[in-house]
Trainee: 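What follows is a structure written as structure tokens; I'll ask about it next.
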Amino acid sequence: MAEVIKMPKMSDTMTEGVIASWLKKVGDSVSSGDILAEVETDKATMELESYEDGTLLYIGPKDGDSVPVDAVIAILGEKGEDISGLLSEIEGGGAPAAKEEAKPEEKKEEAAPAKKEAPAPKKAAVDTSNIKASVIKMPKMSDTMTEGVLVSWLKKEGDKVSAGDILAEVETDKATMELEAYEDGTLLFIGVKEGDSVPVDATIAVIGEEGADYKALLDADSSALSDSEENATTDEDIEARAETVGAEETSGTAEQETSGENGRVKASPLAKKVAQEKGLKLSQIKGSGEGGRIVLRDVENFKPSAAPQEAAPAPKGAPAPKAAPAALPGVPTEEYEEVNVSQMRKVIARRLSESLFTAPHFFLTMSINMDKAMEARVSMNEVSPVKLSFNDLVLKAAAVALRQHPAVNSSWLGDKIRYNKHINIGVAVAVEEGLLVPVVRNADFKSLSAISSEVKELGGKAKSKKLQPAEMEGSTFSISNLGMFGIDEFTAIINPPNACILAVGGISQVPVVKNGEIKIGNIMKVTLSCDHRVVDGAVGSAFLQTFKNLLENPVRILV
């Protein structure tokens, strides 16, 4: 299915971009991570990256053309795909329709009686045109990023900054990346502490001329945020989000809402939702909105430790509570430590939960005799420029087997099944915060030594947090190997959008029967986790049989 590519917002102040040059042309094959074009923003010339595989079917603006943010600039899809419907919509069908749809809504609003009280008059907007400073917001550094953790500031308030300087390191859901300055000036304000989690587009700093009134700029920015996100009578988005909370709020916040003036706490729907998620009582939070109304920033800035503890008065005549017994010497006390969940761990939890509970998993386990593979590895390492591991042999054998069984190299797309013609294998790498899956692209075309070098390089980048998002995208099949940790056998959760993942155990010496005699053999167990919506048992079994034959006769891998 064709994907429309729009002009992204590459900086917080960007409203349009100029196509400096196209690096791809219509008809070119494009892989996820390829650079499509160079775009000149209001601050720098940046690279426009593709997040999909396919063929470039259409290019709208030419080199040098100026394009508004969110305007269509290209279409990516399958070779020969009919995009005439999309083109007609782009060339005039979409915008007029949107204008026509607005008219009945306007009439409806005029005709409908007022159900809500008229909103209080807004404060006059702060004029910031003469303030020579710019607000720096948390950028969206990957296609799935919703928030980032400020790992460390490399500049401090008062430091001189030049365009291109690195301001801070930010941990996204995929990697730790550098936050770059796009302007010259002085770092006037830092609004986020190291270790804090910050939503995309939230204000984190201000850069400008020394002595500039950045507080007025922050007030204006805060006021704009309040108007767009907190006013439930004017913001359709907040109303929609409030409706989804609905029943939860009526039951979960009943106690919170009946503890304020006239039996009710004044708070925006979004503030109530976030307070409920954090387990906070609205009665303890001081509102900064109109009339003391609690808004989102009040909930986010509230620190429970700073709240006065409300001790329930003891009933008259009741005995005083007994002091807790002193810990006996030598007896361990009950202690624990709580650590904030990292962005990586949050995403791992979300993606694997979605995979396990939406994809019907089934598992196929097979034992493989690795005697010949062990002998072949010794011989190969005598001539290989890099030391080959058993994992390299497994990866190469899987790539060759996938070429013979394309149904396993597939993805579930809801109303379609995508059979990938390229073989990109994701290799699970354990890091301190969780698990990363860098991708070895076109593994079936690479030699064992090339695969070994690439896996070592990607593994090193993963452990040093230097993997780029493009190096973790586009896998069609995944492998998780715990053999080096002494694990004999395990099952793995499918890495979406893949249809299968192969769990590889260690090689163990066990009794085996050969030619009617019991001998010692080197056996490795593997388990294939399959998405039953895409891969049936017979298909998965045929793949494993081919995979087993390749490892038990390694010369076939090289043919």
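Owing to the predicted nature of the structure, the values given are computational and were not obtained by experimental measurement.
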Trainee: Supply the atom-to-atom distance L167 CG to L154 CG, rounded to the nearest 0.5 angstrom.
Mentor: 8.0 Å

Trainee: For D531 and R533, indicate whether the former's side chain and the latter's backbone hold a donor-acceptor pair under 3.5 Å.
Mentor: yes

Trainee: Under a plain distance cut-off of 3.5 Å, with no hydrogens placed, do D34 and S50 share a side-chain donor-acceptor pair?
Mentor: no

Trainee: Give a yes-or-no answer on whether the side chains of S389 and D392 include a donor-acceptor pair shorter than 3.5 Å.
Mentor: yes

Trainee: Under a 3.5 Å threshold, yes or no: a donor from one side chain and an acceptor from the other, between H405 and T546?
Mentor: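 Checked: H405/T546 side chains pair up, N/O donor to acceptor below 3.5 Å.
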
Trainee: Go through the steps for I204 and K137 under the test side chain to side chain contact (heavy atoms under 4.5 Å, CB included), then give the verdict.
Mentor: CA-CA 5 Å; I204 57 176; K137 298 192 175 185; 5.8 Å; no

Trainee: Is there a side-chain contact between V427 and V440, using heavy atoms and a 4.5 Å cut-off?
Mentor: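 Of all side-chain heavy-atom pairs linking V440 with V427, at least one is under 4.5 Å.
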
Trainee: Grab the two heavy atoms, one from K421 and one from R403, that are nearest each other, plus how far apart they are.
Mentor: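 The pair with the smallest heavy-atom distance is O-NH1, 3.1 Å.
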
Trainee: Do side-chain atoms of W22 reach the backbone of P61 as a donor and acceptor pair under 3.5 angstrom?
Mentor: yes

Trainee: Hey, mind stepping through K463 and V429 against side chain to side chain contact (heavy atoms under 4.5 Å, CB included) and telling me if it holds?
Mentor: CA-CA 8 Å; K463 290 176 180 178; V429 177; 4.2 Å; yes

Trainee: Would you say that M177 contacts P469 through its side chain, given a criterion of any heavy-atom pair below 4.5 Å between the two side chains?
Mentor: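 Contact flag for M177/P469 side chains = yes.
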
Trainee: Does W153 use its side chain to pair, donor to acceptor, with the backbone of V192 at less than 3.5 Å?
Mentor: yes

Trainee: Give a yes or no on this: more than 12 heavy atoms of other residues, nucleotides or ligands lie within 6.0 Å of atom CZ of R418.
Mentor: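 No, CZ of R418 has 12 or fewer neighbouring heavy atoms, counting only those of other groups under 6.0 Å.
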
Trainee: I'd like to know if the side chain of S384 reaches the main chain of V386, judged simply by a donor and an acceptor atom lying under 3.5 Å from each other, with no hydrogens or angles considered.
Mentor: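 Yes, because the side chain of S384 sits within donor-acceptor range (under 3.5 Å) of the backbone of V386.
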
Trainee: Is there a donor-acceptor pair closer than 3.5 Å between any side-chain N or O of E471 and the backbone N or O of Q468?
Mentor: yes

Trainee: Is there side-chain contact between T527 and K525, with at least one heavy-atom pair below 4.5 Å?
Mentor: no

Trainee: Does N549 offer a backbone N or O that forms a donor-acceptor pair with the side chain of N553 under 3.5 Å?
Mentor: yes

Trainee: Is the shortest heavy-atom distance from the side chain of N481 to the side chain of L395 under 4.5 Å?
Mentor: no

Trainee: Side-chain contact test, heavy atoms from C-beta onward, threshold under 4.5 Å: evaluate it for L48 versus I73 and give yes or no.
Mentor: yes

Trainee: Using 0.5 Å steps for rounding, measure from the CG atom of L402 to the CG atom of L502.
Mentor: 9.0 Å

Trainee: Within a radius of less than 6.0 Å around CZ of F445, do more than 12 heavy atoms belonging to other residues, nucleotides or ligands occur?
Mentor: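 Counting neighbours around CZ of F445, 12 or fewer heavy atoms of other residues, nucleotides or ligands fall under 6.0 Å, so no.
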
Trainee: Short question: side chain of N498, backbone of S475 - any donor-acceptor pair under 3.5 Å?
Mentor: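 Judged by distance alone, yes, a pair lies under 3.5 Å.
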
Trainee: Kindly indicate whether the side chain of V149, heavy atoms from C-beta on, has any atom under 4.5 Å from the side chain of V198.
Mentor: no

Trainee: Is E552 salt-bridged to K372, going by a charged N under 4.0 Å from an acidic O?
Mentor: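 A salt bridge is absent here (no side-chain N lies under 4.0 Å from a carboxylate O).
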
Trainee: I would like to know whether V299 and L280 meet side chain to side chain contact (heavy atoms under 4.5 Å, CB included); could you show each step before the answer?
Mentor: CA-CA 8 Å; V299 178; L280 301 176; 4.1 Å; yes

Trainee: Check whether S410 reaches the backbone of A407 with its side chain - one donor and one acceptor, N or O, closer than 3.5 Å.
Mentor: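 Yes, S410 side chain to A407 backbone: donor-acceptor pair under 3.5 Å.
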
Trainee: Less than 4.0 Å between a side-chain N and a carboxylate O, is that true for K156 and D159?
Mentor: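 Looking at D159 and K156, the cut-off is met.
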
Trainee: Are the ring centres of F485 and F490 closer than 6.0 Å?
Mentor: no

Trainee: Verify, without hydrogens or angle tests, whether N381 (side chain) and V378 (backbone) share a donor-acceptor contact under 3.5 angstrom.
Mentor: no

Trainee: Distance check, rounded to the nearest 0.5 Å: E473 atom CD versus D53 atom CG?
Mentor: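 Answer for the CD-CG pair, E473 versus D53, is 9.5 Å.
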
Trainee: What is the distance from atom CG of L436 to atom NZ of K461, rounded to the nearest 0.5 Å?
Mentor: 13.0 Å

Trainee: Among R441, K446, K396, which residue satisfies the salt bridge (Lys or Arg N to Asp or Glu O under 4.0 Å) criterion with E454?
Mentor: K446

Trainee: Between F547 and V394, is a side chain to side chain contact (heavy atoms under 4.5 Å, CB included) present by the stated rule, with each step listed?
Mentor: CA-CA 9 Å; F547 177 75; V394 166; 3.8 Å; yes

Trainee: Have T55 and D28 got a donor and an acceptor in their side chains that come within less than 3.5 Å?
Mentor: no

Trainee: If you count every heavy atom of other residues, nucleotides or ligands that lies below 6.0 Å from E78 atom CD, does the total exceed 12?
Mentor: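 Incorrect, the count does not exceed 12.
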
Trainee: If you take all heavy atoms of L388 and L448, which pair is closest and at what distance?
Mentor: CD2-O, 3.6 Å

Trainee: Under the side chain to side chain donor-acceptor pair (under 3.5 Å) test against T476, which residue among N409, N420, N424 passes?
Mentor: N409

Trainee: Check the side chains of S152 and E194 for a donor-acceptor pair under 3.5 angstrom, ignoring hydrogens and angles.
Mentor: no

Trainee: Do you know which two heavy atoms are closest between I494 and C500, and how far apart they sit?
Mentor: CG2-N, 4.2 Å

Trainee: For the residue pair H361 and S529, what are the closest heavy atoms and their distance?
Mentor: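 Closest approach of H361 to S529: CD2-CB, 4.5 Å.
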
Trainee: About how many Å separate OG of S411 and NZ of K416, when rounded to the nearest 0.5 Å?
Mentor: 13.5 Å

Trainee: Do the side chain of E183 and the main chain of I207 share a donor and acceptor less than 3.5 angstrom apart?
Mentor: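 A pair under 3.5 Å: no.
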
Trainee: Parallel, tilted or perpendicular: which fits the ring planes of F477 and F543, with parallel below 30° and perpendicular above 60°?
Mentor: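 Answer is tilted, since the angle falls between 30° and 60°.
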
Trainee: Is it true that, when you exclude K456 itself, more than 12 heavy atoms of the residues, nucleotides or ligands shown sit nearer than 6.0 Å to its NZ?
Mentor: yes

Trainee: Considering non-hydrogen atoms only, spot the tightest contact between I59 and K25 and give its length.
Mentor: CD1-CA, 4.1 Å

Trainee: Using side-chain heavy atoms (C-beta onward) and a distance below 4.5 Å, is N442 in contact with H422?
Mentor: yes

Trainee: Can you see which heavy atom on A462 is nearest to which on L467, and at what distance?
Mentor: CB-CD1, 3.5 Å

Trainee: Distance from M370 atom CE to F390 atom CZ, nearest 0.5 Å?
Mentor: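 One finds 5.5 Å between CE of M370 and CZ of F390.
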
Trainee: Considering only heavy atoms from C-beta outward, does the side chain of L393 approach that of L551 to under 4.5 Å?
Mentor: yes

